[in-house]
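Worksheet: the structure to be examined is printed underneath.
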Amino acid sequence: MPAMTAVSLRDLEHSSAFVERHIGPNDAEIAHMLEVVGHESLDAMTDAIVPATIASRAPLALPDAMTEVDALAKIRGVAKRNTVLRSVIGQGYYGTHTPNVILRNILENPAWYTAYTPYQAEISQGRMEALINFQTMVTDLTGMDIANASLLDEATAAAEAMTLAKRSAKSKSNVFFVADDLHPQTLDVLRTRADGLGIELLVGPAADARDAESYGVLLQYPNTFGRIDDHSAVAEAVHARGGIVAVATDLLALTLIQAPGRWGADIVVGNTQRFGVPFGFGGPHAGFMACRDAYKRSMPGRLIGVSVDADGNQAYRLTLQTREQHIRREKATSNICTAQVLLAVMASMYAVYHGPDGLTRIARRTHRFASILAAALGKAGVTVGDAFFDTLHVTGVDADALHASARAAGFNLRAIDASSVGISLDETTTRDEVVALAKLFGVEADIEALDAETADALPQALARDTQFLTHPVFNTHHSEHELLRYMRMLADRDLAMDRTMIPLGSCTMKLNATAEMIPVTWPEFANIHPLAPADQTVGYSELIDGLEAMLVEITGYDAVSFQPNSGAQGEFAGLLAIRAYQKAQGQGHRDICLIPESAHGTNPASAQMVGMTVVVTRCDKDGNVDIDDIRAKAEKYSDRLAAIMITYPSTHGVFEEDVVAICDIVHQHGGQVYTDGANMNALVGVAKPGKWGSDVSHLNLHKTFCIPHGGGGPGVGPCAVKSHLAPYLPRALGGDGEVGMVSAATFGSASILPISWMYIAMMGAAGLRRATQVALLNANYVAKRLAPHFPTLYTGRNGLVAHECILDLRPIKDATGISAEDVAKRLIDFGFHAPTLSFPVSGTLMVEPTESESLHELDRFIDAMIQIRGEIRSIEEGRLDREDNPLKHAPHTAMQVTASEWTHSYPRELAAFPLATLRHTKYWPPVARVDNVHGDKNVFCSCIPVGSPEEEPEAFSEPDVV
Ligand SMILES: *Cc1c(COP(=O)(O)O)cnc(C)c1O
């Protein structure tokens, strides 16, 4: 007789569901937490939070959840429909070998990819060292004074150079001259950005830059066709008339040719893709910007600098943070927030691994192959240019026939026109490839013979004559063991999500599941050039179309562009769509953008980039946007109203009741509604902005849809619109859309889209809704349990918050002198990453636990916060000193608590082990509290010179303007 079984197959299958892994609390824990929060069920709690006017109860029309195994099998099939040919297309993207030690230990390592932006300096020393290596690598190779810690890509970096030059130039001209031999994608993005800002672009031959009346010029060196020209005379002429010289360049070429800083460049931009980061169908890769010291305070993007900690030891920190959009808002000089940290870390490690000699060898070898191929083609009687590094501009050929035979032989060449093609060689080029490429032209190449008889094609006068990467960090870690241990040492200094929850409000630091990450590094996704022909990218099309359909269903919009490679870029794209639409309606004069004072700083920054004038609207005492103020301002500016930008649920962490009415008001006055979708984690499966009256949103796939933060990037900020705006989404490269490109590649950071696709596929409709509900539950549980200790500043209906809560520490500050920052730093002693500090309200901490945190982890955090409240009470009641207490001196390093001398009035045990559980696992911050003011006054942004550690680096001294 068969044994009876009590468990059905369906139940057994359910327990292997991904949903159970993604969502932290299990059913019993959810029941317990619901009880604490005071609701019967998740649905009842949701109804109590989400206004009925926007709630959508119908299940999302998405397929059922798949298991990890099934979803990986399915996306494997999608990937297989891509065809990986050897792309020698160039145009800004080149083959590269990602060193396996970097692939596995950075790109595939959650210690690096789940880290947050290094706002909390003490727990971010490792990634900041990697980034300062990046900055040093860029300044050395370009010959400039200072570089930032990455920009989104080369084209947007060029656009930022155009605006940095505008702010910095003595010339009052409104014209920016751009050489016509730039990469086409760079030119397209420049046009888009110039248009919004009212800058006049003058495009012409590089030599004409000499005489063009312009405030600045942009040259490319080597140019898009590979040619290396001497621009020193042009630079001199531009300087003579008070103009600024910006240069787009290639870092590998610069190991062999003169640094632009040596011949007059003021700003240098480019992309570090070929330093070990795969094509990825266009991204993500780390763009860069370097400039003269004089412009450092108006440079866009993040800058890592060196400061000192409380003990006077050197420590890294994000320097000049006051320039960030959070503070500058509509006065911001750029909207860049998320950049490309993970990719910048990879590129910097590539330089650390190869060192100056290794990089030079890679460049020499690449150039040798290019020279040999040029000589071979010379025998076929075709012209290839004479001053080049890696790229041959082959003219006088039947391009169509050549592309066809190249593809048959497994190569993609660059399409230029009917009679010319481009061939760019790179680190991965082999002898066999050169033979095969020569054969396309009917030449039997004898590599040895050609090598012996062929001279280099680098212009002698432009040979590099300065050293680079002389710092020991680039000359030490060349064996795999050394690099492995160096990367491990840096990772160990940091707190990422592989060690603790990162309860950051607004940034949704949820699980980045391994299964979601796996497809990213498959060759079928990683090794596709962004300009590969469409018949080789069928898998990508399927992936992108599929993800678009999923997001359309989730948001209630009609179309999605994946081109924006950050949330702020998505805002820019959305506002461009609004402008272009209104123009087409004969409403091009509309230029006012209403933005509530609680908005994220990127909102006003993006609005000013499209030429809109920002009018700030008020919030009421409950944290809600003030609808009366919006109505009054919409009326006042009725004939000029272009748009409102609102965040929903608000940055104050509440579902505002009036959102539908606000949409109506704005529409009545002819404006469009932009909803910042960064908070979609509170909405998926619960409400759809596209259905309640909003016209456009960006989503942050690197928040809600599981793309990891990478320490501050990469990101994907797709722009989702209603159908009337769809014709005005950014065009493809070479496409004929109304609105220009907003980033370098047609599909932005395409290679990380599998992450979001996998997430949605594995969660299914029911899982996504449940995730949102548990995100709401977790936030309310934290708010409720902490209420007796730290009051929550704003709540919505029924006293509930949305997916995050703002803890108000201002009364504590008034009573005890203990600030929100002290609490944030004290949390480090407990092994936690701090919540968002002083945004959107100064003196507060914003906590967003997300659905992925288990009850155990939430309780661990709550226990730490309660313990900290107890310490504050001890200060209030005189048991701890107001100045000499564990909060003011947090975080405590191992060195401090083990020093022979201990001068504090509180015990060492309290300093380092305030909870018994810490004896089991303890994170030791590598530095004590970092001095912010010192770092801003003494801006120093390169690797710390090796010498006596007490000696301070030589600083560019200049008092901070802020
Ligand atoms: C994160 C965020 C943004 C900006 O996104 P980035 O990807 O950093 O450019 C905009 N608005 C809100 C509310 C955000 O939280």
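Numbers here are sequence positions counted from 1. We count ligands from 1, going down the list as the structure has it; atoms in each ligand are counted the same way.
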E851 and its side chain to side chain donor-acceptor pair (under 3.5 Å) partner, picked from N681, T772, T508:
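Answer to the side chain to side chain donor-acceptor pair (under 3.5 Å) test with E851 among N681, T772, T508: N681.
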
Would you say the side chains of N565 and D153 form a donor-acceptor pair under 3.5 Å?
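Yes, a side-chain donor-acceptor pair sits under 3.5 Å.
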
Tell me, with the steps shown, if S694 and Y674 meet side-chain hydrogen bond (donor to acceptor under 3.5 Å, both in side chains).
CA-CA 6 Å; S694 178; Y674 187 103; over 6 Å; no

Just let me know how [X] lines up against ligand 1, side chain, backbone, both or neither, with a heavy-atom cut-off below 4.0 Å.
X: S566; result: both
X: N700; result: side chain
X: E571; result: side chain

What residue and atom, counting heavy atoms only, is the protein's closest point to [atom], and at what distance?
atom: atom 8 (O) of ligand 1; result: T338 OG1, 2.7 Å
atom: atom 11 (N) of ligand 1; result: D676 OD2, 2.6 Å
atom: atom 1 (C) of ligand 1; result: K703 NZ, 1.4 Å

Check whether NZ of the Lys or CZ of the Arg R193 lies under 6.0 Å from the centre of the six-membered ring of F572 and within 45 degrees of that ring's axis.
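Because its charged atom sits under 6.0 Å from the ring centre and within 45° of the axis, R193 does stack over F572.
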
Do the rings of H600 and F839 sit parallel, tilted or perpendicular, given the 30° and 60° boundaries?
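It falls in the perpendicular class, over 60°.
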
Looking at the rings of [X] and [Y], which for Trp means the six-membered one, are their centres under 6.0 Å apart?
X: F281; Y: F525; value: no
X: F655; Y: Y648; value: yes
X: H709; Y: Y113; value: no

For A568, counting its heavy atoms only, list the atoms of ligand 1 lying under 4.0 Å from any of them.
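What qualifies from ligand 1 is 5 (O), 6 (P), 9 (O).
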
Any idea which atoms of ligand 1 are less than 4.0 Å away from a heavy-atom of A678?
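Counting from 1, the qualifying ligand atoms are 2 (C), 11 (N), 12 (C), 13 (C), 14 (C), 15 (O).
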
Among N335, N565, T602, which one puts a heavy atom closest to atom 10 (C) of ligand 1?
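Among N335, N565, T602, the closest heavy atom to atom 10 (C) of ligand 1 belongs to T602.
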
Going by distance only, is there an N or O of [X] that falls short of 3.5 Å from an N or O of ligand 1?
X: S506; result: yes
X: C337; result: no
X: G567; result: yes
X: T651; result: no
X: Q569; result: no

Please say which of T192, V742, L576 ends up in a side-chain contact (heavy atoms from CB on, under 4.5 Å) with P730.
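Only one of T192, V742, L576 forms a side-chain contact (heavy atoms from CB on, under 4.5 Å) with P730, namely V742.
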
